[in-house]
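All heavy atoms count here, side chains included; hydrogens, waters and symmetry mates do not.
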Amino acid sequence: MNPVNLRDFETVAKDKPDPVLYDYFAGGAQDEITVRANEAAFRRLSLVPRILRGAGPPRLDLALFGQPSAMPLLLAPTAFHRLAWDEGEVATARAARDADVVMIAAMLSTVTVEEIAATGAKLWFQLYLQPDLAFTESLVRRAAAAGCRALVVTADSPALGRNERGDRNGFHDLPPGIVCANMGGNGSVRQVELSPALSWRHLDWLREITDLPVLVKGVLHPADAVLAVEHGAAGVIVSNHGGRQLDTAPAAVDRLPLIAEAVGGRVPVLLDGGVRRGTDVLKALALGATAVAVGRPVLWGLAASGSEGVARVLSLLRTELANALTLCGAATPAALTRDQVTP
């Protein structure tokens, strides 16, 4: 099969790994209402083209915190890539490098951040703040030393959402030989600790110990977007964790206009959740996002054929986005206007 869109890659990926592992990547919390809502929300939105604007071929490049990117798309942080492909995150990073886009390296990756950085990919580092602040600081120092150019604090996980697919499959631990590589030290691997005691003061602490820009991921309420900016966040990411935490949380793109309005252009607003087409990227950009991050489709590409699969996923999204921009009469993503998206 020669995949011609991202859904084709899901079909290929579904037949590749153990079905239990596919369920881990595909699944969400409880009834998976939010998983479905993320995609359905994009389908409910229509694009309104502008005509005869002489825009010429579209330009997709931009800079994020001084880091150039070939298009307004990042690889979202997703855990445990070695469940999909033996090389794990190293294979993913090579594709991101070749596409000239940023990969947000997951704290819960199956190879170390140093090994990912050795590919030459442009990296940010995703961080679950740990109650053990000394260990958190050591991770931040490692990420910075490896060349990561920003920190992405996943803030929507005071506890773990209940994944019923995992319960049915009895899948709650990594297979032998696969570990959370960044969590190692002194010959052992520690468990990630999610804590409802974490608060904005921990974000203040993080900003004190690093010069890296800090983005807050998991923002759905406008008041939290305002608080993030007030506490010095360099950006916010509108996200519901791909539907893997609080089920029945609203679709990310439905919340995007509210968050963008609350932020008021003070910092970049990014989005992840439900992006499956270049037209989805365009809709998010028109509604106020500076860029979008893509999660599950990257894993589908990885499971299908490693770096080559991820590269093809990114190439398809780029081609679709350029085509949609042309058809909407926009020379650049920044030229899109909010009235070009309608229910």
Flag, side chain of [X] to backbone of [Y], donor-acceptor distance under 3.5 Å:
X    : Y    : answer
E320 : L317 : no
R244 : F25  : yes
R207 : G232 : yes
D98  : A95  : no
R36  : D31  : yes
T34  : A249 : yes
T136 : Q130 : yes
Q340 : A286 : no
E89  : H81  : yes
N38  : A252 : yes

For the student: nearest non-hydrogen atoms of [X] and [Y], plus distance:
X    : Y    : result
A262 : R266 : O-NH2, 3.0 Å
R53  : G329 : CD-O, 3.4 Å
V90  : E115 : CG2-O, 4.1 Å
R338 : P257 : NH1-O, 4.0 Å
A106 : N182 : O-ND2, 3.5 Å

R141 and I209: CA distance, side-chain angles, deciding distance, side-chain contact (heavy atoms from CB on, under 4.5 Å) verdict: CA-CA 9 Å; R141 302 293 183 210; I209 68 161; 3.9 Å; yes

Is there a side-chain contact between [X] and [Y] in this structure, where contact means two heavy atoms from C-beta onward sitting under 4.5 Å apart?
X    : Y    : result
L314 : V310 : yes
H202 : L133 : yes
L151 : T210 : yes
E87  : R94  : yes

Could you tell me whether [X] and [Y] make a salt bridge, using a distance below 4.0 angstrom between a side-chain N and a carboxylate O?
X    : Y    : value
D100 : K122 : yes
R168 : E164 : yes
R190 : D132 : yes
R312 : E308 : no
E32  : R165 : yes

- prompt: Should the pair H231 and W200 be assigned to parallel (<30°), tilted (30 to 60°) or perpendicular (>60°) ring geometry?
  reply: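 H231 and W200: parallel rings.
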
Distance in Å, [X] [atom1] paired with [Y] [atom2], rounded so as to fall on 0.5 Å steps:
X    : Y    : atom1 : atom2 : value
L198 : L129 : CG    : CG    : 6.0 Å
F125 : S109 : CZ    : OG    : 7.0 Å
W85  : S305 : CH2   : OG    : 6.0 Å
L21  : R82  : CG    : CZ    : 12.0 Å
Y22  : L83  : OH    : CG    : 14.5 Å

Per-pair distances, 0.1 Å, donor-acceptor, side chain in residues 57-75, under 3.5 Å, sequence neighbours excluded:
from : atom 1 : to   : atom 2 : distance (Å)
Q67  : OE1    : W124 : NE1    : 3.0
S69  : OG     : M71  : O      : 2.8

query: In terms of heavy-atom contacts, does CG of D211 have more than 12 from other residues, nucleotides or ligands at under 6.0 Å?
result: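 No, not enclosed.
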
- request: Give a yes or no on this: more than 12 heavy atoms of other residues, nucleotides or ligands lie within 6.0 Å of atom CG of D339.
  value: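 Correct, the count exceeds 12.
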
message: Before you tell me yes or no, could you show the steps for Y24 and N169 under side-chain contact (heavy atoms from CB on, under 4.5 Å), namely the whole-Å CA-CA distance, both residues' side-chain angles and the distance that decides it to 0.1 Å?
response: CA-CA 9 Å; Y24 170 75; N169 293 327; over 6 Å; no

Taking [Y] as the starting point, is it possible to reach [X] by hopping between hydrophobic residues whose side chains are less than 4.5 Å apart?
X    : Y    : value
I116 : L127 : yes
V152 : L206 : no
V35  : L256 : no
L123 : V101 : yes
L285 : V253 : yes

Anything under 3.5 Å between a donor and an acceptor, one on a side chain of residues 40-51, the other on a protein residue two or more places apart or in another chain? List them.
from : atom 1 : to   : atom 2 : distance (Å)
R44  : NH2    : D254 : OD2    : 2.9

When the side chains of residues 213-220 are checked against the rest of the protein, which donor-acceptor pairs come out under 3.5 Å, sequence neighbours left out?
from : atom 1 : to   : atom 2 : distance (Å)
K217 : NZ     : S239 : OG     : 3.4
K217 : NZ     : D272 : OD2    : 3.2

